[in-house]
Number of protein chains: 2
Amino acid sequence: MIKVKAPLRQDSRGRVLDIIRATEPTSRIELVRETSLTPASITHLVRDLLVQGLVREVGQAESTGGKPRTLLRLNRDSMTAIGVQLGAASVALVAANLAGDIVGRQVLRGVADLDPQVIVAFLADAVAELIDNLGLDRSTIAGIGVAMPGPLDISGGYLRNVSYLENLSGFALADELETATGLPIVIDNDATAAAVGEYWLGTTDRHAAYATVYLATGIGSGLVVNGMPYRGSSSNAGELGHVSVDFRGAECTCGNRGCLELVAAPPVLVERARQAPPSAGLGEISRGNVEDAMSQLGILAARGNEAALTIIRDGAELLACGIVTLVNLFDVDMVVLAGPGFTSCAAIYLEAAQKALDSRTLARGVHTVRVVPSASPRDAAALGAATLALQDKLERKPVAAAKK
Amino acid sequence: MIKVKAPLRQDSRGRVLDIIRATEPTSRIELVRETSLTPASITHLVRDLLVQGLVREVGQAESTGGKPRTLLRLNRDSMTAIGVQLGAASVALVAANLAGDIVGRQVLRGVADLDPQVIVAFLADAVAELIDNLGLDRSTIAGIGVAMPGPLDISGGYLRNVSYLENLSGFALADELETATGLPIVIDNDATAAAVGEYWLGTTDRHAAYATVYLATGIGSGLVVNGMPYRGSSSNAGELGHVSVDFRGAECTCGNRGCLELVAAPPVLVERARQAPPSAGLGEISRGNVEDAMSQLGILAARGNEAALTIIRDGAELLACGIVTLVNLFDVDMVVLAGPGFTSCAAIYLEAAQKALDSRTLARGVHTVRVVPSASPRDAAALGAATLALQDKLERKPVAAAKK
DNA sequence: TAACTTATATTAGTCACTAAACAAAGTGTG
DNA sequence: CACACTTTGTTTAGTGACTAATATAAGTTA
């Protein structure tokens, strides 16, 4: 039986690093207050991080009546990770440092039509090129995170995609990619990756429970509670796109009826725009990539095109309906909107979702739910994947030079 | 700020007790295998439980070629807890021992019309009477668990109901009940309590993620992952009844549209039965308590009454739709059906839900989701509440006679 | 300059757990 | 029936992550 690693972030070193990232420059005392650990423990943990070079001391703060605080900062470039977003329409690569800054970025053609082995070589090349272009030292690279749409199959110890990218079905991607690149690989659902990325970037309260709604070709969502993603029993939690919003609705490829994705996913909205009569002034919508077309539609809406506005608003209203369901079931404090679908029309979606949450969730009398845009809407999944690789690396022990 | 207790069941003593309860009679070696703790640790933990009287040694097993195992059993009656299910239609009290056996039971009138202080006195009397009737030693009583429908307000450190039982809104029930009874009080959502109860009774795999759908006057659900309930940020997670199954549907009192509860809750089904023409042969449906009426309807359906069957089937079909949404979002391994709504027609609901899950969830290719009936459908919430009280007591340290 | 503050480090524990050796109680074999 | 071998459980002496209490360092204020 495969040994499952405990899914709990109680790891103090990681938590301390999270807090430093979110609040730098900071000091040991502030860490004491944030963590409810004792000064002694913080001294220890910080020393550890200093020795590993993940954190630096950068001078002193003004005294507040006693010894001045020693300021601590993340040593941002002491570690980098690569994030790959393997979408249906396109592939995005980012390199992110310890702070979650995107230090390199590259967009590639989609791989839906390629052979698995070709995909591996293609990705390995792209990663190698990115590392070279940035002049990164390979020894400082934590690993590669790959984010992809679900449903995923985790059996056999490694995640394998089982649906969207059909030719990858049953292929042990992580294994092959690890062999091809020599770097540790983490694979996760795109929405989950995006959700973890927001935490890393500090968009969300560290103690909050929140969901990230990820709008790309499909509609997904990821949940984070206390800094730990909720993945469900097979890493397929949060499939918002296949929540039914109409029990008498049309049948979906997934087998369900009235799925949100059938009425509110970008391809549907874009198609509606393409079908519009010329008089609507939507002629300019691109025939190519869905993400680009969605983006154009959003821009038209922002410019005041009524037809575009109506299409987006209808989509936003339906998505809001799904978000209300999500909140009634998960009872989160915050919802983050992420993914390429939001790049040009986030405001419309934000407003619709916020309005729905303020008037239609069951627990709205107990607490409000805030809707916020992602700190990095377009690259949320890729960046999130990179942060997953960082997190994975940081969770393992310092490996004090395998001495004896 | 209120200190929040860590929501993680990593407490080994509790886990060991869980395993003994589920697999008794068992032995230390088996515990070693189940927990992946070392023999040394198990020796320690079991000694602890023996000293506290929660567990007994009961002879030996057959040898398997070496020293025979010393068999361990729960000391069932060394601890008892009271569970109260504060429903809209009725109040149920149970007393449960360490094994989750119901050792006493009492059903009371509903309290929706009473004054808060009167409710407290009423409950305190009922609890005292139950304890006396059973001849229980007060010192062995772990506490009282109260399960009630949401939404709940946890602010101020104590849960207070904010909706269904309107006269309890804003009333610090836990505080008052503790004063009146002298016993520690735990309050939780009815569906969450029911879910924890199933775990306690061993209906579910200890490692599985599962949801309990609780059908009473409303429709709720509770989620348990690795033995720990998921409550969301304000203990209002799992409100399945207010998941919208029709975005164009009628407006619900909760503010949302097309809520599942509007079309599939027992009061709705019962009302439909009452409106049926006399020719349908449904004349016998009681005018009183919704739960009784629902039960009668189920019995008529089981006897083959077509009209009753149709009403229940329609309800089951709609509930199944909500359950598919629940599973697509939470990605659980198992769904347990609990609550008074299922008592007489569980089979119809089970079949509808299982069929829907087998054909309509997104991750069905990755793993199947089993639907099972509760081990104690009618008393699931009350029993669950009792187990919450037990769990709460057991999680605190032995309290070695406040010396010094 | 002494007295107070505030920030950090050290020391000596505690707690939950483990590794390794040991003891106890059976079975099988020559 | 003595001896090896299994299997189960215990003991002893740790380890790692944390804390409480005390010490030290580096400022400010009276």
Colleague: Go through the steps to decide whether B/E57 and B/R69 satisfy the test salt bridge (charged side-chain N to carboxylate O under 4.0 Å, His left out), and finish with yes or no.
Modeller: CA-CA 10 Å; B/E57 295 189 343; B/R69 305 172 177 190; over 6 Å; no
Colleague: Check whether B/R15 reaches the backbone of B/T35 with its side chain - one donor and one acceptor, N or O, closer than 3.5 Å.
Modeller: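 At least one qualifying donor-acceptor pair exists.
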Colleague: Do we see a donor-acceptor contact under 3.5 Å between the side chains of B/H367 and B/D331?
Modeller: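 The criterion, which ignores hydrogens and geometry beyond distance, is satisfied for B/D331 and B/H367.
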Colleague: Start at the 5' end of DNA chain D and walk down; is the nucleotide closest to B/G66 or to B/T70 reached first?
Modeller: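 Its nucleotide being nearer the 5' end, the pick is B/G66.
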Colleague: Donor-acceptor pair, distance only, cut-off 3.5 Å: does the side chain of B/T192 make one with the backbone of B/D188?
Modeller: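 No.
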Colleague: Send over the distance from A/K67 NZ to D/dA26 C1', rounded to a whole Å.
Modeller: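 Roughly 6 Å, once rounded to whole Å.
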Colleague: Could you check whether A/Y210 and A/Y199 have their ring centres less than 6.0 Å apart?
Modeller: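 No; A/Y210 has its ring centre 6.0 Å or more from that of A/Y199.
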Colleague: Looking at D/dG9, C/dT8, D/dA26, which one has an atom nearest to any side-chain atom of A/P68?
Modeller: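 Output: D/dA26.
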Colleague: Taking DNA chain C as the partner, which of residues 37-47 of chain A come within under 4.0 angstrom of it by heavy atom?
Modeller: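 Those residues whose heavy atoms fall under 4.0 Å from DNA chain C, taken from residues 37-47 of chain A in numerical order, are A/A40, A/T43, A/R47.
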Colleague: Going through the checks in order, is the side chain to side chain donor-acceptor pair (under 3.5 Å) test met by B/R47 and B/Q52?
Modeller: CA-CA 9 Å; B/R47 180 151 45 210; B/Q52 282 178 75; over 6 Å; no
Colleague: Backbone N or O of B/L177 within a donor-acceptor pair of the B/T181 side chain at under 3.5 Å?
Modeller: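 Yes.
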Colleague: Whole angstrom is fine here: how far is it from CG in A/L31 over to C1' in C/dA7?
Modeller: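 It works out to 12 Å between those atoms.
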Colleague: Rounded to the Å, how far apart are A/R69 CZ and C/dT6 C1'?
Modeller: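 After rounding, the gap between these two atoms is 8 Å.
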Colleague: Given atom CD of A/E30 and atom P of C/dT6, what is their separation to the nearest angstrom?
Modeller: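 Checked: the CD to P distance equals 14 Å.
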Colleague: Over how many whole Å does the gap from A/R33 atom CZ to C/dT8 atom C1' extend?
Modeller: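 Atom-to-atom, A/R33 to C/dT8, this comes out as 12 Å.
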Colleague: Is a salt bridge present between A/R56 and A/E24, judged by a nitrogen-to-oxygen distance below 4.0 Å?
Modeller: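 Between A/E24 and A/R56 there is no salt bridge, as every charged N stays at least 4.0 Å from the carboxylate O atoms.
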Colleague: With a 4.0 Å heavy-atom cut-off, tell me which residues in residues 54-65 of chain A come close to DNA chain C, sorted by residue number.
Modeller: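 Residues of residues 54-65 of chain A that come under 4.0 Å of DNA chain C are, in numerical order, A/T64, A/G65.
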Colleague: Nearest-Å distance, CG (A/L50) to C1' (C/dT8)?
Modeller: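 Going from A/L50 (CG) to C/dT8 (C1'), I get 13 Å.
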Colleague: Phosphate oxygens OP1/OP2 of C/dA7: is one of them under 4.0 Å from a side-chain N or O of A/R28?
Modeller: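 Result: no.
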Colleague: Could you state the atom-to-atom distance from CG of B/D48 to P of C/dC15 in whole Å?
Modeller: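 Answer to the nearest Å: 12 Å.
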Colleague: Salt-bridged, B/E34 to B/R206, with N to O below 4.0 Å?
Modeller: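 A salt bridge links B/E34 with B/R206.
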